[in-house]
Amino acid sequence: MASSDMKPKSISRAKKWSEEIENLYRFQQAGYRDEIEYKQVKQVSMVDRWPETGYVKKLQRRDNTFYYYNKQRECDDKEVHKVKIYAY
């Protein structure tokens with residue numbers, strides 16, 4: 001589990017789609033920077049993922065409602081540039 005004081009050192013925008021960008025898109029839709037922040041806030045050690053693709057399956061937002069995601073890609077090409085990539 002990541003330490004609770006971990007803050008990103010820099011940020012960049014995604015240029016093209018990849019599996020990493022797909023998962024970041026899902027975390028950011030739910031209101032988190034990335035998997036590290038999600039695990040810190042929700043105090044979980046694992047994230048629900050689809051076994052076939054490895055994409056995030058379910059996330060709990062900060063208001064405790066859930067987002068459920070499909071097995072297939074959800075981040076369209078027109079949405080890719082909105083994804084933020086944080087470096088630690």
Side-chain angles (χ1 to χ4, degrees):
M1 194 108 114
S3 69
S4 61
D5 61 348
M6 234 174 141
K7 301 280 184 214
K9 291 185 169 72
S10 66
I11 182 175
S12 60
R13 295 277 182 172
K15 304 281 190 257
K16 64 178 192 164
W17 184 89
S18 70
E19 291 184 0
E20 177 189 10
I21 299 304
E22 179 66 36
N23 282 324
L24 285 172
Y25 175 77
R26 294 173 185 217
F27 281 108
Q28 291 171 17
Q29 258 195 332
Y32 302 96
R33 285 191 304 258
D34 50 25
E35 186 172 353
I36 294 169
E37 184 185 36
Y38 181 77
K39 288 179 175 180
Q40 287 174 356
V41 172
K42 290 298 174 186
Q43 298 294 308
V44 295
S45 59
M46 288 189 53
V47 177
D48 288 336
R49 295 183 181 274
W50 289 105
E52 300 89 348
T53 60
Y55 297 153
V56 173
K57 183 177 185 179
K58 176 181 75 174
L59 292 174
Q60 188 174 10
R61 294 184 350 183
R62 293 174 194 260
D63 64 1
N64 291 327
T65 58
F66 286 91
Y67 273 138
Y68 294 92
Y69 299 100
N70 295 324
K71 293 178 191 173
Q72 296 84 20
R73 174 180 173 178
E74 291 195 8
C75 181
D76 294 328
D77 285 335
K78 65 182 180 183
E79 303 287 325
V80 168
H81 73 281
K82 297 178 184 176
V83 177
K84 297 174 184 174
I85 304 168
Y86 293 90
Y88 293 89

Could you walk me through whether Phe27 and Val47 satisfy the side chain to side chain contact (heavy atoms under 4.5 Å, CB included) test, starting with their C-alpha distance in whole Å, then the side-chain angles of each, then the deciding distance to 0.1 Å, before giving a yes or no?
CA-CA 10 Å; Phe27 281 108; Val47 177; 4.1 Å; yes
Scanning both residues in full, the closest heavy-atom pair of Arg49 with Val56 reads NH1-CG2, 3.8 Å
Closer than 3.5 angstrom, by distance alone: can the side chain of Lys42 be matched with the main-chain N or O of Arg61 as a donor-acceptor pair?
yes
Minimal heavy-atom distance between Trp17 and Glu22, with the atoms involved, is NE1-OE1, 2.9 Å
What's the spacing between Lys7 NZ and Arg33 CZ if we round to 0.5 Å?
6.0 Å
Which pair of heavy atoms, one from Pro8 and one from Tyr88, lies closest together, and at what distance?
N-CE2, 3.6 Å
Single-linkage hydrophobic cluster Tyr67~Trp50, side-chain heavy atoms < 4.5 angstrom
no
Could you tell me whether Glu37 and Arg62 have a side-chain N and a carboxylate O separated by less than 4.0 Å?
yes
Any donor-acceptor pair under 3.5 Å linking the side chain of Asn70 with the backbone of Gln72?
no
So which atom in Lys82 and which in Gln28 form the shortest heavy-atom distance, rounded to 0.1 Å?
O-OE1, 4.1 Å
Taking side-chain contact (heavy atoms from CB on, under 4.5 Å) as the criterion, tell me which of Tyr68, Tyr69, Phe66 meets it with Leu59.
Tyr69
Stacked cation flag Arg73 on Tyr55, 6.0 angstrom / 45 deg
no
Determine the minimum heavy-atom distance between Ile21 and Ala14, stating which atoms define it.
CD1-CB, 3.6 Å
How far does CD of Gln60 sit from OG1 of Thr65, to the nearest 0.5 angstrom?
8.0 Å
Check against side chain to side chain contact (heavy atoms under 4.5 Å, CB included), Val83 and Glu79:
CA-CA 7 Å; Val83 177; Glu79 303 287 325; over 6 Å; no
Could you walk me through whether Lys84 and Leu24 pass the side chain to side chain contact (heavy atoms under 4.5 Å, CB included) check?
CA-CA 8 Å; Lys84 297 174 184 174; Leu24 285 172; over 6 Å; no
Distance only, no hydrogens: is a donor on one side chain within 3.5 Å (strictly under) of an acceptor on the other, for Glu19 and Asn23?
no
Glu74 CD: over 12 foreign heavy atoms closer than 6.0 Å:
yes
So Asp48 and Lys57, salt bridge (charged side-chain N to carboxylate O under 4.0 Å, His left out) or not? Walk me through it.
CA-CA 5 Å; Asp48 288 336; Lys57 183 177 185 179; over 6 Å; no
